[in-house]
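One structure is given here, and the rest of the page talks about it.
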Amino acid sequence: MASYTAKDITVLEGLEPVRRRPGMYIGGVGSSGLHHLVWEVLDNSVDEAMNGHASHIEVTLHADGASMTVSDDGRGIPVDKHPTTKTSALEVIFTTLHAGGKFEGQNYKTAGGLHGVGASVVNALSRELVATIKRDGATWQQKYKQGVPQGDVKKLGPARGTGTTVFFRPDSTIFPKTQFEAAVIRERIEVSSYLHKGLKVVFENEAAIGDEPRHEEFQHSEGIADYLKKILTERHARAVHEQPFTVTRDHDETGLKLDVVLQWTESTDEHLRSYVNGIPTGSGGTHENGLRAGLGKAIRNFIETHTLSPKGVTLTAEDLREGMTGVLSIFIAEPQFQGQTKDRLNNPEVSNIVDSMVRPALEHWLNQNRSTAEQIIARIILAARAREASRAAQAEVTRKSATSSRLTLPGKLSDCTSPGREESELFIVEGDSAGGSAKQGRDRARQAILPLRGKVLNTESASTAKVLENKELSDLVTALGCGIGKGFELSRLRYGRVIILADADSDGHHIATLLLTFIYRHMPQLITAGRVYLAQPPLYRIDIGKETFWATDDHHRDQILGRPGAKGKVDITRFKGLGEMMPKVLWETTMNPRTRRLLRVGIEDAIVTDRIINELMGKDPSARFRFIMEHAEAAEELDV
């Protein structure tokens with residue numbers, strides 16, 4: 001038996017834990033984690049602006065596309081000796097976890113970087129980083145490689161003004177891809193300029209291609225009110241009242257600063273973007289809970305006071321917020337975020353504070369703007385009646401639930417025999433011929449097959465009732481058994497995995513996109529629960545001598561053909577569709593859990609995902625045209 005003693009315990013010192021487990025600090029090493037480095041540095045500059053010490057921030061994406069510089073005209077990071085470590089405070093901040101000037105609340109009233117790990121994490125995960133400081137009448141600089149200082153802080157010479165400039169290049173041994181996306185950075189910068197009224201942020205895109213702007217300046221005098229206009233335009237949402245509800249207040253006891261703008265639209269969903277100290281909180285938190293509570297109380301009080309309650313229908317909290325689009329921004333001294341990625345606020349006291357600030361302000365606004373208030377109430381009643389009609393339509397389709405009786409399942413569904421959910425899979429297959437091959441090649445105990453005829457309905461702008469009128473989607477809803485829209489219950493899902501199996505060509509990609517749009521809009525919990533997958537069927541069969549290979553696309557095909565040592569006659573077959581594949585081949589390449597490859601569908605950035613789906617699948621053709629023109633150079637080969 002192997003011994004286990006104290007010498008087997010590994011102690012990671014300095015920034016080594018960050019390099020060993022970067023996901024703990026930035027959420028992962030994919031595109032989201034890579035850009036998180038930019039947000040950490042940018043947030044530090046924004047913190048200076050939030051506290052009145054900076055008015056100008058400049059962000060530069062360099063020509064190589066893989067390095068960034070962020071600079072501000074703030075006070076500049078201190079460079080004098082730290083009393084405890086006896087080294088420069090600059091070096092402490094960039095090389096020590098949980099070190100910074102934001103803990104005591106004396107230098108920063110509000111800040112996004114309260115964990116004190118941002119600058120040091122960026123340093124640890126960068127191949128090189130250069131920090132240049134202007135303060136005390138001089139310019140100071142220190143260079144680092146993979147988090148290690150390459151010498152002491154150097155005084156470069158005299159300087160006028162103050163500020164901090166950070167250049168960094170992410171480490172390619174940590175990140176599989178180190179190319180930044182200008183559009184992602186641009187959007188985050190623009191949002192910062194909305195949230196901090198009057199703040200000027202400049203974006204220099206030295207890696208711009210074609211018509212992409214190289215120099216942009218963002219500054220918004222109306223703050224989040226301007227932001228709401230932009231959101232409504234992007235979402236093509238038609239407002240039901242002209243003037244939005246706005247409130248900007250400071251809480252006397254805690255110093256919490258609240259900034260809210262709301263407007264009801266004809267859209268069928270609620271769309272709220274929330275921020276804490278300028279940091280987006282995509283997973284919500286107590287500030288969103290407080291807003292929803294205050295909003296609900298104010299509207300219900302107004303309805304009761306003016307006897308506007310509808311007959312024959314009960315208003316739910318969701319009805320009150322259907323079509324509501326808004327921005328919520330708060331600034332607090334000591335936010336408690338969930339993890340270093342900071343996407344959810346956990347401060348329990350914030351809910352009651354926001355509630356107490358929103359409720360009286362909204363109630364007063366509704367009473368002072370009676371005609372606008374009545375338009376909003378009419379919209380809410382319409383939502384309630386539509387929900388009741390949708391529920392009735394859904395009950396008609398699913399009144400004999402698939403979970404209670406297999407007799408109600410769609411006739412074309414070939415169900416699996418296993419009663420357990422977790423080990424079972426539903427393959428949504430394109431076409432009857434492909435469905436036939438899949439039915440013959442599947443594992444009957446664990447794998448169910450549901451073939452779809454033709455292209456399904458584009459549900460981007462479709463109501464739940466209209467979706468259920470579509471035969472293909474109605475069959476899918478019935479087969480899944482978990483309901484749809486507000487009646488969705490994940491616990492009723494009949495399968496552990498929902499796998500979209502479409503042809504590997506452009507038509508197949510389109511069908512997969514239509515299905516993903518349906519799931520994203522009407523069953524988003526399936527995606528967030530990690531239940532949705534894309535099968536990866538081969539597009540090519542490649543025979544080289546006596547060996548057979550399968551390629552999922554042209555790039556994969558070229559990789560196989562370029563392998564060293566490949567000898568013999570080469571024969572390449574391109575499949576026109578899944579129906580051409582023999583059942584045994586389809587099983588081995590695409591359905592066998594031991595040999596297949598699946599892509600799990602996830603959402604990295606909810607705001608970007610929502611915008612792209614709206615642009616590509618919505619009713620406005622100009623948005624698609626603009627997307628095609630912007631990305632035309634990336635299309636190497638078209639399958640037409």
Side-chain angles (χ1 to χ4, degrees), residues 46 50 186-201 216-249 257-282 284-285 287-292 294-296 298-299 320-331 345 354 357-359 361-366 368-369 371-373 375-380 383 605-615 618 620 623:
V46 170
M50 282 166 47
R186 180 192 183 281
E187 184 163 350
R188 179 69 173 246
I189 290 172
E190 187 175 14
V191 169
S192 291
S193 68
Y194 283 120
L195 299 178
H196 305 90
K197 190 185 296 185
L199 173 66
K200 183 178 180 180
V201 186
E216 292 180 274
E217 295 184 5
F218 301 98
Q219 191 170 25
H220 298 281
S221 59
E222 296 301 317
I224 63 171
D226 285 340
Y227 190 20
L228 179 64
K229 294 176 185 176
K230 176 178 183 288
I231 294 170
L232 293 177
T233 302
E234 282 182 349
R235 289 173 54 81
H236 310 290
R238 186 174 173 183
V240 299
H241 56 100
E242 188 174 342
Q243 291 299 322
F245 163 71
T246 60
V247 58
T248 300
R249 289 190 175 179
K257 180 183 177 183
L258 172 74
D259 211 358
V260 174
V261 59
L262 303 174
Q263 197 160 11
W264 275 258
T265 72
E266 294 179 358
S267 299
T268 56
D269 62 338
E270 172 193 356
H271 188 83
L272 178 66
R273 299 189 186 181
S274 65
Y275 302 84
V276 176
N277 294 0
I279 296 173
T281 45
H287 56 324
E288 285 194 14
N289 297 341
L291 172 67
R292 292 189 175 101
L295 181 146
I299 293 176
L320 303 183
R321 301 194 305 269
E322 182 175 302
M324 185 195 78
T325 302
V327 180
L328 165 64
S329 174
I330 70 166
F331 295 93
L345 183 71
V354 174
M357 296 170 79
V358 169
R359 183 191 55 74
L362 179 56
E363 203 168 334
H364 176 75
W365 181 81
L366 291 171
Q368 291 297 311
N369 299 273
S371 61
T372 298
Q375 288 175 309
I376 294 171
I377 302 306
R379 171 70 184 86
I380 290 169
D605 189 319
I607 293 174
V608 173
T609 302
D610 180 85
R611 175 174 55 80
I612 290 176
I613 287 183
N614 187 269
E615 286 181 356
D620 183 10

### Task
Answer yes or no: is there a side-chain heavy-atom contact under 4.5 Å between L199 and Q219?
no

### Straight-line distance of L345 CG to T281 OG1, nearest 0.5 Å
7.0 Å

### Task
Compare every heavy atom of S221 with every heavy atom of D226, then report the nearest pair and how far apart it is.
OD2-N, 4.2 Å

### Task
State the OG1-CH2 distance between T372 and W365, to the nearest 0.5 angstrom.
5.5 Å

### Query
Do L328 and R273 touch side chain to side chain, with heavy atoms closer than 4.5 Å?
no

### For the student: nearest non-hydrogen atoms of A373 and L366, plus distance
CB-O, 3.5 Å

### Query
Can K200 and E217 be counted as an ion pair, charged N to O under 4.0 angstrom?
yes

### Interatomic spacing from CD in E270 to CG in L262 - rounded to 0.5 Å
9.5 Å

#### Entry: Derivation of the side-chain hydrogen bond (donor to acceptor under 3.5 Å, both in side chains) call for E288 and S274
CA-CA 7 Å; E288 285 194 14; S274 65; 2.6 Å; yes

### Message
Less than 4.5 Å apart, side chain to side chain, heavy atoms only: is that true for H271 and M324?
### Response
no

### Query
Quick one: are T246 and I224 in side-chain contact, heavy atoms under 4.5 Å?
no

### Task
Heavy atoms only: give me the nearest S193-F218 pair and the separation to one decimal.
OG-CB, 3.4 Å

### Query
With the threshold set at 4.0 Å, does a side-chain nitrogen-carboxylate oxygen contact exist between K229 and E222?
no

### Task
Please lay out, stage by stage, how H287 and N289 fare under the test side-chain contact (heavy atoms from CB on, under 4.5 Å).
CA-CA 5 Å; H287 56 324; N289 297 341; over 6 Å; no

### Message
I want to check something: taking the side chain as every heavy atom from C-beta on, are I330 and D259 in contact at a cut-off of under 4.5 Å?
### Response
no

### Message
Any donor-acceptor pair under 3.5 Å linking the side-chain atoms of Y275 with those of Y194?
### Response
no

### Message
Using modelled atom types and a 3.5 Å cut-off, is there a donor and acceptor pairing between side-chain atoms of Q263 and backbone atoms of H241?
### Response
yes

### Task
Indicate yes or no: at least one non-hydrogen side-chain atom of L295 is less than 4.5 angstrom from one of L362.
yes

### Message
A side-chain contact here means heavy atoms from C-beta on lying under 4.5 Å apart; do V276 and F331 qualify?
### Response
no

### Task
Give a yes or no answer on whether the side chain of S329 reaches the backbone of L195 with a donor-acceptor pair at less than 3.5 Å.
no

### Task
Can you see which heavy atom on V354 is nearest to which on G290, and at what distance?
CG1-C, 3.8 Å

### Message
Quick test of your reading of the model: are D269 and R235 salt-bridged, counting only N-O distances below 4.0 Å?
### Response
yes

### Query
Mind checking whether L258 and V260 have side chains closer than 4.5 Å, heavy atoms only?
yes

### Message
For the backbone of D610 and the side chain of N614, can you confirm whether one donor and one acceptor N or O come within less than 3.5 Å of each other?
### Response
no

### Message
For W264, is there any backbone N or O sitting under 3.5 Å from a side-chain donor or acceptor partner on Q375?
### Response
no

### Message
Would you say that more than 12 heavy atoms from the other residues, nucleotides or ligands in this model lie under 6.0 Å from the NZ of K230, or not?
### Response
yes

### Query
Rounded to the nearest 0.5 Å, what separation is found between the CD atom of E234 and the CG atom of L232?
10.0 Å

#### Entry: Derivation and outcome, salt bridge (charged side-chain N to carboxylate O under 4.0 Å, His left out), residues R379 and E322
CA-CA 8 Å; R379 171 70 184 86; E322 182 175 302; 3.3 Å; yes

